[in-house]
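Notes for the one structure printed next.
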Protein chains: 2
Amino acid sequence: MRWDSLEQERCSVARTVAVIGDRWSLLILRDCFLRVRRFEEFQSRLGVTRHVLADRLKKLVRFGVLRRAPYQQNPTRYEYILTQKGLDLYPVVMAIVHWGDTHMVDERGRPLLHEHKSCGKMFDPVMVCSECGEPIVARQVHVHAGPGAAEGTAEEIAARAAASSSRTG
Amino acid sequence: MRWDSLEQERCSVARTVAVIGDRWSLLILRDCFLRVRRFEEFQSRLGVTRHVLADRLKKLVRFGVLRRAPYQQNPTRYEYILTQKGLDLYPVVMAIVHWGDTHMVDERGRPLLHEHKSCGKMFDPVMVCSECGEPIVARQVHVHAGPGAAEGTAEEIAARAAASSSRTG
DNA sequence: AGTTGACAGTTCTATTTTAGAACTATATTC
DNA sequence: GAATATAGTTCTAAAATAGAACTGTCAACT
């Protein structure tokens, strides 16, 4: 599998990973949600090489996650702003933050706290079912082939894997 | 910034990215949640090189996301199973899937549908506030320095970025 | 007894990506 | 006219990845 072909995969994870599935893209996004917008600030905060930063910003713009907006003339300079498509990545970033807060903090505790302006409280993000509102755990989810499924659907794969496990283990 | 040092960063995103922030790790995780467990099956499904697969599985075991469990003797062979720490990554994977379903599908529609066994319905994952239960959007969240914050906290950074924007743009 | 096949890797070379540093371009301030 | 700010591009060395072949263990078949 080549990376160029990832975005054409019949899997939403693979397609998303084609956009944000590298280390620097995720860190750039984190900074975007912290209102960082300019090349120099990304660069100095992240310590990423300028070459890679330019490349990743181009990629995120190409995929419509960021847009390049002029903020001054003479010379014209641009800053990078999250589009709606980019803002919709907030749950991904928050899920990552929360996992890090839960499993990767040291004795000093979590580096950031999040306040929900609507209710005024410090909160954790919780992923719930859109239908019943209950928190989602992996065991309680069953996958089905959707309209865009390829031949080897996840359903079939899970069935095959289960069969192979009971056969040998 | 070296990748070895990423896990020591004072940021939960950076620490999480040190574990799962590369393309193959995320795809391996996706497969884990689809009950794939064995080297050969990961390899044939993903098309990843065996070298990289071995490396990533080792890394995920080292970080406690997967554990290596024997499933046969003579010769002893192992499969890779999600630990609780790994299962806790489900919201990350689901958030990625949902973003892909929303923004990266083609005309055929989404490849997978998810059924919530608890309520029996097809659902989308929604990220809500642990305190008030309302869906979370980026604008409604304010960050504060936590006990593990470093010097340049996100709060300060956001303030600085805002100041710089109003100055020049 | 010898060959084949399954499984879970390891090793090798060629290619691609990234790190790190220097350089370019435009315009403003000292 | 020199220094500074911003947003890149270009260069070489180092690291990671792709792609293929190879290793070791054991079971099953011939």
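The structure displayed is predicted, hence computed values, not measured ones. Letters A, B, ... mirror the listed sequences (proteins, then strands); counts begin at 1.
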List the residues meeting side-chain contact (heavy atoms from CB on, under 4.5 Å) with Val61(A), not counting sequence neighbours, and say none if there are none.
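side-chain contact (heavy atoms from CB on, under 4.5 Å) list for Val61(A), sorted by chain: Leu66(A), Tyr80(A).
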Check for a donor-acceptor pair, side chain of Glu134(B) on one end and backbone N or O of Ser118(A) on the other, with a separation under 3.5 Å.
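No; judged by distance alone, with no hydrogens or angles, the pair does not exist.
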In whole angstrom, give the distance that lies between atom [atom1] of [X] and atom [atom2] of [N].
{"X": "Ile28(A)", "N": "dT18(C)", "atom1": "CD1", "atom2": "P", "value": "11 Å"}
{"X": "Phe42(B)", "N": "dC7(C)", "atom1": "CZ", "atom2": "P", "value": "14 Å"}
{"X": "Leu53(A)", "N": "dT6(D)", "atom1": "CG", "atom2": "P", "value": "14 Å"}
{"X": "Gln43(B)", "N": "dA6(C)", "atom1": "CD", "atom2": "P", "value": "14 Å"}
{"X": "Asp22(B)", "N": "dT18(C)", "atom1": "CG", "atom2": "P", "value": "11 Å"}
{"X": "Arg56(A)", "N": "dT18(C)", "atom1": "CZ", "atom2": "C1'", "value": "9 Å"}
{"X": "Arg23(B)", "N": "dT16(C)", "atom1": "CZ", "atom2": "P", "value": "14 Å"}

For the residue pair Trp99(A) and His103(A), categorise the inter-ring angle as parallel (less than 30°), tilted (30 to 60°) or perpendicular (more than 60°).
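Plane angle between 30° and 60°, so tilted.
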Could you give the distance from CZ (Arg50(B)) to CZ (Phe42(B)), rounded to the nearest 0.5 Å?
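Going from CZ on Arg50(B) over to CZ on Phe42(B), the span is 13.0 Å.
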Among the nucleotides dT25(D), dT17(D), dT28(C), which one has an atom lying closest to any side-chain atom of Val52(B)?
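Looking only at side-chain atoms, Val52(B) lies closest to dT17(D).
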Does Arg62(B) CZ have over 12 foreign heavy atoms under 6.0 Å away?
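Result for CZ/Arg62(B): enclosed.
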Taking the six-membered ring of Tyr78(A) as reference, does the NZ or CZ atom of Arg37(A) fall below 6.0 Å from its centre and within a 45° cone about the axis?
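Judged by the rule, Arg37(A) and Tyr78(A) form no cation-pi pair.
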Between protein and nucleotides 7-13 of chain D, map the contacts as a letter string: B base, S sugar-phosphate only, - none, heavy atoms under 4.0 Å, written 5' to 3'.
BBBBB--
